[in-house]
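One structure is given here, and the rest of the page talks about it.
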2 protein chains.
Amino acid sequence: MKWDALEEEPCSLARTVAVIGDRWSLLILRECFLRIRRFDDFQASLGITRHLLADRLKKLVRFGVLRKIPYQEAPKRYEYILTQKGLDLYPIIMSIVHWGNIHMVDARGRPLLHEHKSCGKMFDPVMVCSECGEPLSAKHVHVHPGPGVRRSSPLHASARERTKRNAEQA
Amino acid sequence: MKWDALEEEPCSLARTVAVIGDRWSLLILRECFLRIRRFDDFQASLGITRHLLADRLKKLVRFGVLRKIPYQEAPKRYEYILTQKGLDLYPIIMSIVHWGNIHMVDARGRPLLHEHKSCGKMFDPVMVCSECGEPLSAKHVHVHPGPGVRRSSPLHASARERTKRNAEQA
DNA sequence: ATTGACAGTTCTAAAATAGAACTTATGGTC
DNA sequence: GACCATAAGTTCTATTTTAGAACTGTCAAT
């Protein structure tokens, strides 16, 4: 499958993966949330090749996640800053960091701690239901087809039916 | 940078990206949460090449996200099911889906809707502070170095200092 | 005039991925 | 017994992506 095809999938996860689903994009975005804004700073901070950094920044701008803002004329220089669409990625970043904190830390413990300025405490992110406020887990969620579903898609179609068959036989 | 180096970074995001930060792993995990369990079902559902699917499943098992469970002898066959570590990825999956729902859907609307069985309503996931319960946004969070931070790391070190310099000059 | 900062671009070699065919083990059908 | 199907991979070559380093263009300061 090509990357371009991913953008067209009738699946919100696939379409988001088209934006952030490579090795570097999420790391670049982490730096953005840590207030890194300039090309050479990204490069020094991440150890990414300049070639790929240029390519990924271009992609993130194209998707509207970052915006180029001039910070000097002559020579023209730009900073890359998060748009609202980019800021909205924060829950994704935080849930990834949290999973790593729980499952991937070594003996030394967490690399970073997060303080919630509103309440002044160190916190972990918790994902809750928008309607009742209870914490979410996979087993309490049921999935329904929405208006944008496409039946003929390779995703969600054939394999699910086969698996249902398997389940019924068991 | 090599994938192996990513696992060793003193950054919970980088270490999680080492597990799920490629084009296919998240898509495979989505299928897991939709109760796909078998090799050929993953393959038919995703259109991934068999080679890569075998490789990714192996990786996810190695990281303890999936577990192989035999479902028949002669010939020996296995299903891939989520471990608790894998189930804990649910907030990541849901926040990705939600971002796609908000920012990447086309005119037809959302491909899937989510019902919270506990309260019976269609919901969106919301990320809140574990201490005060308020919704989180990047601007209300302050980051502190934790016990596992490494100062000499290429990540978080040089570029941040340079950027601080830049900020001070401005 | 030379050096350094900044933001890229260009180049070659190495690694990862796509796409298709092949393998192994078994059970059922003609 | 020969043939086909199922399931879970493995192997193969061609293409694409990435790594790593060097190079370019613009300007400011020394």
Side-chain angles (χ1 to χ4, degrees), chain A residues 1-6 17-18 21-28 31 36-61 66 68-81 154 158-159 161-163 165-167 169-170, chain B residues 1-6 17-18 21-28 31 36-62 66 68-81 154 158-159 161-163 165-170:
Chain A
M1 193 196 286
K2 305 285 166 54
W3 278 104
D4 295 0
L6 218 49
V17 166
D22 66 276
R23 196 185 328 201
W24 288 113
S25 295
L26 280 168
L27 292 166
I28 290 170
E31 297 303 301
I36 300 291
R37 300 187 147 110
R38 299 182 184 179
F39 192 92
D40 277 18
D41 289 338
F42 283 113
Q43 207 271 319
S45 166
L46 291 168
I48 185 176
T49 64
R50 304 178 74 76
H51 182 102
L52 271 209
L53 177 58
D55 186 79
R56 290 297 184 274
L57 288 172
K58 212 170 282 177
K59 190 183 83 172
L60 291 169
V61 168
L66 298 179
K68 278 173 86 163
I69 303 287
Y71 71 90
Q72 72 172 35
E73 310 288 324
K76 203 116 181 174
R77 295 277 186 256
Y78 296 91
E79 292 186 322
Y80 294 88
I81 67 158
S158 53
E161 263 130 55
R162 290 177 66 200
T163 299
R165 273 213 324 275
N166 290 336
Q169 284 165 3
Chain B
M1 193 196 285
K2 306 283 167 55
W3 278 103
D4 296 0
L6 217 50
V17 166
D22 67 277
R23 196 185 329 200
W24 288 113
S25 294
L26 280 168
L27 292 166
I28 290 170
E31 297 303 301
I36 300 290
R37 298 185 147 101
R38 298 183 184 177
F39 192 93
D40 278 17
D41 289 338
F42 284 112
Q43 207 271 320
S45 166
L46 291 168
I48 187 175
T49 64
R50 305 178 74 76
H51 181 102
L52 272 210
L53 177 59
D55 187 80
R56 290 296 184 274
L57 289 172
K58 212 170 282 178
K59 190 182 84 172
L60 291 170
V61 168
R62 179 162 52 81
L66 297 180
K68 280 174 84 163
I69 304 287
Y71 70 89
Q72 71 172 36
E73 309 289 323
K76 203 115 180 176
R77 295 278 185 255
Y78 296 91
E79 291 186 322
Y80 294 88
I81 67 157
S158 53
E161 263 129 54
R162 291 177 66 201
T163 299
R165 273 212 322 276
N166 290 336
E168 281 160 4
Q169 285 165 3

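Chain letters run A, B, ... following the sequence lines, proteins first, then strands; residues in each count from 1.
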Roughly how far, to the nearest 0.5 Å, is NZ of B/Lys68 from CZ of B/Arg37?
16.0 Å

Between [atom2] of [N] and [atom1] of [X], the distance in whole Å:
X       : N      : atom1 : atom2 : value
A/Phe42 : C/dA5  : CZ    : P     : 20 Å
A/Glu79 : C/dC6  : CD    : C1'   : 12 Å
B/Gln72 : C/dT26 : CD    : P     : 11 Å
A/Leu57 : C/dG8  : CG    : C1'   : 11 Å
A/Arg37 : C/dG8  : CZ    : P     : 16 Å
B/Ile69 : D/dA8  : CD1   : P     : 14 Å
B/Lys59 : D/dG9  : NZ    : C1'   : 19 Å
A/Gln43 : D/dA19 : CD    : P     : 12 Å

So, is the end of the B/Arg38 side chain (NZ or CZ) under 6.0 Å from the ring centre of B/Tyr71 and within 45° of the ring's axis?
yes

Quick one: does NZ or CZ of A/Lys59 land under 6.0 Å from the six-membered ring centre of A/Trp24, within 45 degrees of the ring axis?
no

For D/dT6, does either OP1 or OP2 sit under 4.0 Å from a side-chain N or O belonging to B/Tyr71?
no

Generate the contact string for nucleotides 9-21 of chain C. Rules: B means base contact, S means sugar-phosphate contact only, - means no protein heavy atom under 4.0 Å.
BBB-----SBB-B

Taking only residues two or more places apart in sequence, or in another chain, which ones meet B/Lys58 in a side-chain contact (heavy atoms from CB on, under 4.5 Å)?
none

If you look at every heavy atom in A/Glu73 and A/Pro70, which pair is closest and at what distance?
OE2-CB, 4.5 Å

A/Val17 to B/Arg23 - nearest heavy-atom pair and separation:
CG1-O, 3.8 Å

Which atom pairs link the protein and nucleotides 26-30 of chain D when you take only N or O atoms and keep those under 3.5 Å?
unit_1, atom_1, unit_2, atom_2, d
D/dC27, O3', A/Ala74, O, 3.2

Please report, to 0.1 Å, the donor-acceptor pairs under 3.5 Å made by any side chain of residues 48-56 of chain B, with sequence neighbours excluded.
unit_1, atom_1, unit_2, atom_2, d
B/Thr49, OG1, B/Leu52, N, 3.3
B/Arg50, NH1, B/Gln43, OE1, 3.4
B/Arg50, NH2, B/Asp40, OD1, 2.9
B/Arg56, NE, B/Asp22, OD2, 2.7

For a side-chain contact (heavy atoms from CB on, under 4.5 Å) check, start with the C-alpha distance between A/Tyr80 and A/Ile28, then their side-chain angles and the critical distance, and finish with the verdict.
CA-CA 11 Å; A/Tyr80 294 88; A/Ile28 290 170; over 6 Å; no

Could you work out, with side-chain hydrogen bond (donor to acceptor under 3.5 Å, both in side chains) as the rule, every residue matching A/Gln72, not counting sequence neighbours?
none

